[in-house]
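Single-structure report; data block below.
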Number of protein chains: 2
Amino acid sequence: MLNIGDVARESGVSVEALRYYERQGLVAAPDRDDNGYRLYRPDAVARVRFIKRAQEVGFTLSDVKELLALQARPGASCGDVRMRAAGKMREIEGKIATLQRMKTFLEAWTAQCVDAAPAERCPVLDALKNDETD
Amino acid sequence: MLNIGDVARESGVSVEALRYYERQGLVAAPDRDDNGYRLYRPDAVARVRFIKRAQEVGFTLSDVKELLALQARPGASCGDVRMRAAGKMREIEGKIATLQRMKTFLEAWTAQCVDAAPAERCPVLDALKNDETD
DNA sequence: CTTGACCCTGAAGCGCGGTTCAGGGTGTAG
DNA sequence: CTACACCCTGAACCGCGCTTCAGGGTCAAG
């Protein structure tokens, strides 16, 4: 059995984050030792790593909660999971597109920049004063 | 001279946002009418549009404050502005790269999905249980 | 028997860019 | 004279994912 600090170390998150996950219902509240310390079964580490990896590919904690619920629900199908993943992909693609648009504008503007020119005649500032970005 | 609502309408932001910009020092506090109403000169609209467009290409309000300071400072050069823009571009590129990595993982995982399979044998969940994403 | 690392709780704070709320005054059309 | 749209202020609130703080108890080593 593991103390919260052990789980934190092995899963690479902070002790505070673990208590936070418990409050949010992402990790089941473990049994307590006589002194009140949380006592985790070793598989808790796997659960926390699941959460961490899901976050790394863009799922919010509330998304993760749904995924964990699917995982636990008998009768849930792979398609249910794929739908969530596909939705997240579309979300990510939207963000990439937005960022790409920003980058394109900045590229176009800075390309016209002559470093030594005074700021009063800066193409970037001019663009911000006059252009439509949408 | 314009009331705050006029400026809001013409620049496409909310009245509350305008008051917020004033508090943050992005827009100079305008004179007041006898009744205490803010009275803006027409060029205030251009300033707010500048802020809005800068935000649209990824600058935070604190970035915008710096850009506006450069614009006002005699002796500031175009290179100063370009440096900020280039830094923002790198920031954006970093975000795109992160999102792209997320997307790549999700794509690979969902590609192996067979919709009808039970969630217990879902490649996406399996990946979250076992893969390293970094 | 003290030191230091660990554990507990509840509440508050952070960044960001506003929005919302409570509680007022003002201006004008009908 | 009464709606109703507009304006004012200061303070609190939102989401998100934690972190920090205040104020304690526990446990192992030396």
Side-chain angles (χ1 to χ4, degrees), chain A residues 1-27 29-40 44 47-68 88 91-92 95 98-99 102 133, chain B residues 1-27 29-41 44 47-68 88 91-92 95 98-99 102:
Chain A
M1 298 297 258
L2 306 167
N3 278 339
I4 195 168
D6 303 325
V7 177
R9 253 184 311 279
E10 290 187 36
S11 53
V13 306
S14 74
V15 166
E16 295 76 25
L18 286 177
R19 288 196 278 245
Y20 178 73
Y21 294 161
E22 185 180 323
R23 280 202 299 287
Q24 301 305 306
L26 288 156
V27 171
D31 289 341
R32 300 296 183 114
D33 203 345
D34 291 344
N35 52 23
Y37 289 17
R38 286 169 180 79
L39 272 186
Y40 292 89
R47 154 87 43 152
V48 177
R49 286 192 179 145
F50 181 104
I51 296 169
K52 228 189 127 194
R53 278 192 291 265
Q55 280 189 291
E56 280 164 0
V57 296
F59 290 107
T60 65
L61 292 185
S62 119
D63 295 331
V64 176
K65 211 168 165 183
E66 283 190 32
L67 289 176
L68 289 167
K88 188 55 64 177
E91 204 181 306
I92 290 172
K95 287 184 187 176
T98 298
L99 289 166
M102 295 177 178
T133 51
Chain B
M1 300 295 259
L2 307 167
N3 278 339
I4 195 168
D6 303 324
V7 176
R9 253 184 310 279
E10 289 188 34
S11 54
V13 307
S14 74
V15 166
E16 295 76 26
L18 285 177
R19 288 197 277 246
Y20 178 73
Y21 295 162
E22 186 180 322
R23 280 202 300 287
Q24 302 304 307
L26 287 156
V27 171
D31 291 341
R32 300 297 182 113
D33 203 345
D34 290 345
N35 52 23
Y37 289 16
R38 289 168 178 80
L39 271 187
Y40 293 90
R41 274 173 293 111
R47 155 85 46 148
V48 177
R49 285 193 180 145
F50 180 106
I51 296 170
K52 227 188 128 194
R53 278 192 291 264
Q55 280 188 290
E56 281 165 0
V57 296
F59 291 106
T60 65
L61 291 187
S62 117
D63 295 332
V64 177
K65 211 169 166 181
E66 283 189 31
L67 290 177
L68 288 167
K88 188 55 63 176
E91 204 181 306
I92 290 172
K95 286 184 187 176
T98 298
L99 290 166
M102 294 176 177

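We use all heavy atoms of the structure for the numbers below, so side chains are in, but hydrogens, waters and symmetry mates are not.
- If you check every strand for non-hydrogen atoms under 4.0 Å, B/N3 touches sugar and phosphate atoms only.
- Taking atom CZ of residue A/R38 and atom P of nucleotide D/dC27, one finds them 16 Å apart after rounding to whole Å.
- At least one side-chain heavy atom of B/M102 sits less than 4.5 Å from a side-chain heavy atom of B/T98.
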Side chain to side chain contact (heavy atoms under 4.5 Å, CB included) between A/R19 and A/R38, intermediate numbers included: CA-CA 10 Å; A/R19 288 196 278 245; A/R38 286 169 180 79; 3.6 Å; yes
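- Here A/R19 lies in heavy-atom contact (under 4.0 Å) with a base.
- At a threshold of 4.0 Å, the pair B/K88-B/E91 counts as salt-bridged, since one of the basic side-chain nitrogens sits closer than that to a carboxylate oxygen.
- Here the closest heavy-atom approach between residue B/L18 and residue B/A8 is recorded as CD1-N, 3.6 Å.
- Between chain A and DNA chain C, the heavy-atom contact criterion of under 4.0 Å yields a 5' to 3' nucleotide range of C/dC6 to C/dT9.
- A/R47 contributes a side-chain N or O that, together with a main-chain N or O of A/L26, makes up a donor-acceptor pair within less than 3.5 Å.
- D/dC18 atom P lies 10 Å from atom CD of A/Q24, rounded to whole Å.
- One can place CZ of A/R32 at 13 Å from C1' of D/dG25, the figure rounded to the nearest angstrom.
- In this structure, B/D34 and B/Y21 both approach DNA chain C, and ranking their closest nucleotides by distance from the 5' end singles out B/Y21.
- Atom OH of A/Y20 and atom P of D/dC16 are 9 Å apart (whole Å).
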Close N/O contacts between protein and nucleotides 10-15 of chain D (under 3.5 Å):
none

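- Summarising the geometry of A/V7 relative to A/L2, their closest heavy-atom pair is CG2-CB, 3.9 Å, with the distance given to 0.1 Å.
- Computed from C1' positions of five pairs at each end, the angle between the two local axes of the helix from C/dC1-D/dG30 to C/dG30-D/dC1 equals 20°, rounded to 10 degrees.
- Straight-line distance from the CD atom of A/E91 to the C1' atom of D/dC16: 13 Å, rounded to whole Å.
- Side-chain contact between B/V27 and B/I51 is present, with at least one heavy-atom pair separated by less than 4.5 Å.
- Judged by closest nucleotide on DNA chain C, A/V15 is the one of A/V15 and B/S14 placed further toward the 5' end.
- For a distance-only test at 3.5 Å, the side chain of A/Y37 qualifies as a donor-acceptor partner of the base of D/dG25.
- Not one N or O on the side chain of A/N3 forms a donor-acceptor pair closer than 3.5 Å with the backbone of A/G5.
- Regarding A/E22, its CD atom lies at a distance of 18 Å from the P atom of D/dG17, rounded to whole Å.
- At least one donor-acceptor pair under 3.5 Å links the side chain of B/R49 to the backbone N or O of B/E10.
- Between the side chain of B/K65 and the backbone N or O of B/Q24 there is at least one donor-acceptor pair closer than 3.5 Å.
- The CD atom of A/E16 sits 17 Å away from the C1' atom of D/dC16 (whole-angstrom rounding).
- In this structure, A/Q55 places its CD atom 13 Å from P of D/dC16, rounding to the nearest Å.
- Using a cut-off of 4.0 Å between Lys/Arg side-chain N and Asp/Glu carboxylate O, B/R53 and B/E56 are scored as not salt-bridged.
- Within the model, atoms CZ of B/R41 and CE of B/M1 stand 6.5 Å from one another, a figure rounded to the nearest 0.5 Å.
- Both A/N35 and A/S62 lie near DNA chain D, and the one whose nearest nucleotide falls closer to the 5' end is A/S62.
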